[in-house]
Amino acid sequence: TTGIIPTPEYAAKQVATAKKFGLNSLFFHRHMGQPLLLQEADRHGLMYHGEPGSFVGGSHSPEGKAIMKERVLRMVKMFRSHPSFVFYDLINEQWGDSKDYAWYQHMVEEVHKADPTRVVALTSAWGKQDYNVEDMAKMHARPYDPAVYKKGWCDHHQAWATHTSYPDY
């Protein structure tokens, strides 16, 4: 009854409510998401993007990396046939002590190889604001393009509206 794992009725209600508010997309934040929601979104033209959840936490050991890789690739296989799922985001907000960028790039490449039709971003925040400056937090792959980029993409969501590195907020 919480909606975390929706019934068909809750899935329909979530999509209908988003459309009623005039939204065009929703985010599976820190969890993979559910096929029922995507089926409903496919029917009604609502887009989703999402992340696997706990990606950084899973990258601290060889065992964790193996589990996380399996989890992420299962998410891709589960959702790549849904036209409503448009964007993979591996990490909510890259910060903290784990900066294993070789591993991160490997996973962006693996996700893009498993589904070359969608954008894959390493993280949803904290890249340098200048789109022309290379920054690992901007790591992404573009649809039908085999390259991995470290500039040209940046998400400046306002999770910390008063953060000192964002003077325009």
- Task: Give, for atom CG of Leu122 and atom CE of Met107, the distance between the pair rounded to the nearest 0.5 Å.
- Result: 10.5 Å

- Query: With a 4.5 Å heavy-atom cut-off, do Leu90 and Thr123 have their side chains touching?
  - Reply: no

- Query: Between Ser59 and Tyr104, is any pair of side-chain heavy atoms under 4.5 Å apart?
  - Reply: yes

- Task: Could you state whether Val108 and Met32 fall into the same hydrophobic cluster, counting links through intermediate Ile, Leu, Val, Met, Phe, Trp or Tyr residues with side-chain heavy atoms under 4.5 angstrom apart?
- Result: yes

- Item | Option among Phe79, Phe27, Phe85 that satisfies the ring pair (Phe, Tyr, Trp, His ring centres under 6.0 Å) test with His49 | Phe27

- Single-linkage hydrophobic cluster, 4.5 Å side-chain cutoff, Ile67 and Met75 together: no

- Message: Looking at every non-hydrogen atom in both residues, tell me the closest pair between Gly64 and Ser61 and how far apart they are.
- Response: N-OG, 2.9 Å

- Query: Same hydrophobic cluster for Leu73 and Leu38, using side-chain heavy-atom links shorter than 4.5 Å among ILVMFWY?
  - Reply: no

- Query: What's the shortest heavy-atom distance between Pro52 and Asp89, and which atoms?
  - Reply: CD-O, 3.5 Å

- Considering residues, nucleotides and ligands other than Lys65, do more than 12 of their heavy atoms fall under 6.0 Å from its NZ? yes

- Message: Rounded at 0.5 Å granularity, tell me how far OG1 in Thr7 sits from CG in Leu36.
- Response: 8.0 Å

- Close side-chain approach of Leu46 to Ser84, heavy-atom, < 4.5 Å: no

- Given Val15 and Tyr48, is the side chain to side chain contact (heavy atoms under 4.5 Å, CB included) satisfied, shown in steps? CA-CA 10 Å; Val15 171; Tyr48 273 90; 4.3 Å; yes

- Item | Gap separating the CD atom of Glu40 from the CD atom of Glu9, nearest 0.5 angstrom | 10.0 Å

- Which pair of non-hydrogen atoms, one from Met139 and one from Val148, has the smallest distance, and what is that distance? CG-CG1, 3.5 Å

- Query: Heavy-atom distance under 4.5 Å between the side chains of Tyr144 and Thr117, does that happen here?
  - Reply: yes

- Message: Please determine whether residues Met78 and Val111 belong to a single hydrophobic cluster, defined as Ile, Leu, Val, Met, Phe, Trp and Tyr linked transitively by side-chain heavy-atom distances below 4.5 Å.
- Response: yes

- Does a side-chain heavy-atom distance below 4.5 Å link Arg80 with Arg118? yes

- Query: Given the rule in the side chain to side chain donor-acceptor pair (under 3.5 Å) test, do Arg142 and His140 qualify, once you have shown the distances and angles that lead to the verdict?
  - Reply: CA-CA 7 Å; Arg142 301 170 186 167; His140 69 284; 3.0 Å; yes

- Flag yes if Phe55 and Tyr101 sit in one hydrophobic cluster, no otherwise; membership is Ile, Leu, Val, Met, Phe, Trp, Tyr, and two members link when side-chain heavy atoms are under 4.5 Å apart. yes

- Task: For Phe28 and Gln34, run side chain to side chain contact (heavy atoms under 4.5 Å, CB included): C-alpha distance rounded to whole Å, both residues' side-chain angles, the deciding distance at 0.1 Å, then the answer.
- Result: CA-CA 9 Å; Phe28 291 132; Gln34 300 83 20; 4.0 Å; yes

- Message: Counting only heavy atoms from other residues, nucleotides and ligands, does the tally under 6.0 Å from CZ of Arg74 exceed 12?
- Response: no

- Are any of the side-chain heavy atoms of Val119 and Pro143 separated by less than 4.5 Å? yes

- Item | Criterion side chain to side chain contact (heavy atoms under 4.5 Å, CB included) on Trp103 and Lys69, from CA distance to verdict | CA-CA 10 Å; Trp103 161 248; Lys69 182 174 183 175; 4.0 Å; yes

- Task: Answer yes or no: is there a side-chain heavy-atom contact under 4.5 Å between Val72 and Glu110?
- Result: no

- Task: Could you tell me whether Asp135 and Lys138 have a side-chain N and a carboxylate O separated by less than 4.0 Å?
- Result: no

- Does His82 reach the main-chain N or O of Ala41 with its side chain, forming a donor-acceptor pair under 3.5 Å? no

- What do the steps show when you test Val133 against Lys151 for side chain to side chain contact (heavy atoms under 4.5 Å, CB included), and what is the final call? CA-CA 6 Å; Val133 173; Lys151 65 180 181 177; over 6 Å; no

